[in-house]
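I have a structure I would like to understand better, so I am pasting it below and will then ask my questions one at a time.
Excluded from the calculations below are hydrogen atoms, water molecules and symmetry mates; all remaining heavy atoms, backbone and side chain alike, are included.
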Amino acid sequence: MNYRRCGEIRAYARIEQLAGGVANDVWSIRIGGRIAVGRLGSRPDADLAWETDLLQHLHCEGMTGPVPIPTIDGRLFSDGLVVMKYLEGGPPETVSDWRRVADTLRELHRLTHGWPQRPGWKSSTDLLRAETGTRVNLAAMPSEGVTRCRAAWARLIGRQTCVVHGNPNNPGNIRMTADRVALIDWDESHVDVPDLDLVLPENAADLDEGAYDIAAQASAAWEATVCWRDEYAVKRLAEVRAL
């Protein structure tokens, strides 16, 4: 990663490469005497503007998260690079921890009703008609699998939408302390049905049986399509039953 492409950012030094970036190069860095995170990727400016605006909005509303650190001239990203606040904490380990995660996700959903869609993305119900959207290309999947995925998403029609984190059931995307829960890695966040975020371990969000089944099937279908062709995607597609 060549941070010199953003020479206007305050003095920094790379510390170590961090795990978690499939589409990005992520490092811990030292900037202005504190630890931060530098993420370099190939997302277009409109995509990064959407994400950084969202993170700032959530911060202003009192949620803890990876707040973007601006350049000297006030920009929140430059040449694909975003520098963000480093967050201490560990992953959820107990059902009680996951319930706190569920509460945090519901706060995210409450604060983002009516938020515009991430540029280039489609929601799960949009994909009932569309075939492509950012990392989704239904034409690359077996037609029978697409039919099953769309049947799962059709059960979400008419639901209110908001920003979803997109991958909160990965413990590595959570940083918890005794007094707060922070969500990191917003690379898959977009506007969709909130229950997709609430398929958590041990049903920590306390969805009723019917709601959990609908959300779990729709979530499996989404993950199959957004990651299609890798082993994980094939496994997730196998979990989507014909309805």
*Considering non-hydrogen atoms only, spot the tightest contact between V199 and A216 and give its length.*
CG2-N, 3.7 Å
*Would you say W228's side chain and A140's backbone share a donor-acceptor pair under 3.5 angstrom?*
yes
*Please report the shortest heavy-atom distance between R106 and A205, naming the atom on each side.*
NH2-O, 2.9 Å
_For residues L198 and V226: do they belong to one hydrophobic cluster (side chain heavy atoms under 4.5 Å, members Ile, Leu, Val, Met, Phe, Trp, Tyr)?_
no
_Considering only residues two or more places apart or on different chains, which pairs with a residue in residues 224-234 satisfy salt bridge (Lys or Arg N to Asp or Glu O under 4.0 Å)?_
none
*asked:* N170: which residues meet the side chain to side chain contact (heavy atoms under 4.5 Å, CB included) condition with it, sequence neighbours left out?
replied: N167, N173
_R100 side chain to P92 backbone, donor-acceptor under 3.5 Å_ = no
*Side chains of H109 and V163: does their closest heavy-atom pair fall under 4.5 Å?*
no
_From R150 atom CZ to S124 atom OG, the distance as rounded to the nearest 0.5 Å_ = 12.0 Å
*Same cluster or not: are W153 and V146 linked, directly or through other Ile, Leu, Val, Met, Phe, Trp or Tyr residues, by side-chain heavy atoms under 4.5 angstrom apart?*
yes
*Report the distance from atom CG of N137 to atom CG of L127, rounding to the nearest 0.5 Å.*
10.5 Å
*Can you name the side chain to side chain contact (heavy atoms under 4.5 Å, CB included) partners of T161, sequence neighbours left out?*
V191, V193
*Partners of R99 by side chain to side chain donor-acceptor pair (under 3.5 Å), sequence neighbours excluded?*
none
*Judged by atom type as modelled, is there a donor-acceptor pair below 3.5 Å linking the side chain of R135 to the main-chain atoms of C227?*
no
*Within-4.5 Å side-chain heavy-atom neighbours: R236 and S219*: yes
_Between CG on residue N169 and CD1 on residue I174, distance to nearest 0.5 Å_ = 8.5 Å
*Do any N or O atoms from the side chain of R175 and from the backbone of I184 form a donor-acceptor pair under 3.5 angstrom?*
no
_Residues forming a side chain to side chain contact (heavy atoms under 4.5 Å, CB included) with A178, sequence neighbours excluded_ = none
*asked:* With salt bridge (Lys or Arg N to Asp or Glu O under 4.0 Å) as the rule and sequence neighbours excluded, what pairs involving residues 192-214 come up?
replied: R155-D213, R159-D195, D213-R241
*asked:* I'd like to check the side chain to side chain contact (heavy atoms under 4.5 Å, CB included) partners of H59; sequence neighbours left out, ordered by chain and number.
replied: V67
*asked:* Using side-chain contact (heavy atoms from CB on, under 4.5 Å), reason through L183 and L58 one step at a time and then give a plain yes or no.
replied: CA-CA 11 Å; L183 305 170; L58 297 176; over 6 Å; no
*Do any N or O atoms from the side chain of S78 and from the backbone of L81 form a donor-acceptor pair under 3.5 angstrom?*
no
*Run the numbers on K122 and V136 for side-chain contact (heavy atoms from CB on, under 4.5 Å), then give the verdict.*
CA-CA 9 Å; K122 297 288 191 295; V136 173; over 6 Å; no
*L207 versus I214: any side-chain heavy-atom pair under 4.5 Å?*
no
Mind listing the side-chain donor-acceptor pairs of residues 83-91 below 3.5 Å, one per line with the distance, residues two or more places apart or on another chain?
none

*asked:* Within this structure, what is the CG-CZ distance for the pair D185 and R39, rounded to the nearest 0.5 Å?
replied: 7.5 Å
*With T64, which residues qualify under side chain to side chain donor-acceptor pair (under 3.5 Å), at least two apart?*
none
*Would you say L196 and L108 are hydrophobically clustered, going by side-chain heavy atoms of ILVMFWY under 4.5 Å?*
no
*Any donor-acceptor pair under 3.5 Å linking the side chain of R43 with the backbone of L48?*
no
*asked:* Distance check, rounded to the nearest 0.5 Å: T112 atom OG1 versus E107 atom CD?
replied: 9.5 Å
*List the atom of A46, the atom of P119, and the distance in Å for their closest heavy-atom pair.*
O-CG, 3.6 Å
*With hydrophobic residues grouped by side-chain heavy-atom distances under 4.5 Å, do Y232 and V234 end up in a single group?*
no
*Between L76 and P68, which heavy-atom pair has the shortest distance, and what is it?*
CD2-CB, 4.1 Å
*asked:* Grouping I, L, V, M, F, W and Y whenever their side-chain heavy atoms are under 4.5 Å apart, do V95 and W98 come out in a common cluster?
replied: no
_Show, in sequence, the C-alpha distance, side-chain angles and deciding distance for R148 and E144, and conclude whether the salt bridge (charged side-chain N to carboxylate O under 4.0 Å, His left out) test is met._
CA-CA 6 Å; R148 282 189 283 136; E144 185 273 337; 2.7 Å; yes
*asked:* Measuring from atom CZ of R180 to atom CE of M63, what distance do you get when rounded to the nearest 0.5 angstrom?
replied: 11.5 Å
*Who pairs with H57 by ring-ring contact (aromatic ring centres under 6.0 Å, His included), at least two apart in sequence or on another chain?*
W115
*What residues, two or more places apart in sequence or in another chain, satisfy ring-ring contact (aromatic ring centres under 6.0 Å, His included) together with W186?*
H165
_Using the ring-ring contact (aromatic ring centres under 6.0 Å, His included) criterion, which residues pair with W222? Sequence neighbours excluded._
H190
*Minimal non-hydrogen separation, A130 against L138, with atom names*: O-CD1, 3.7 Å
*Answer whether the closest heavy-atom distance between the side chains of S189 and W121 falls below 4.5 Å.*
no
*Where do R110 and C162 land on the side-chain contact (heavy atoms from CB on, under 4.5 Å) test, with the steps shown first?*
CA-CA 8 Å; R110 184 186 71 80; C162 59; over 6 Å; no
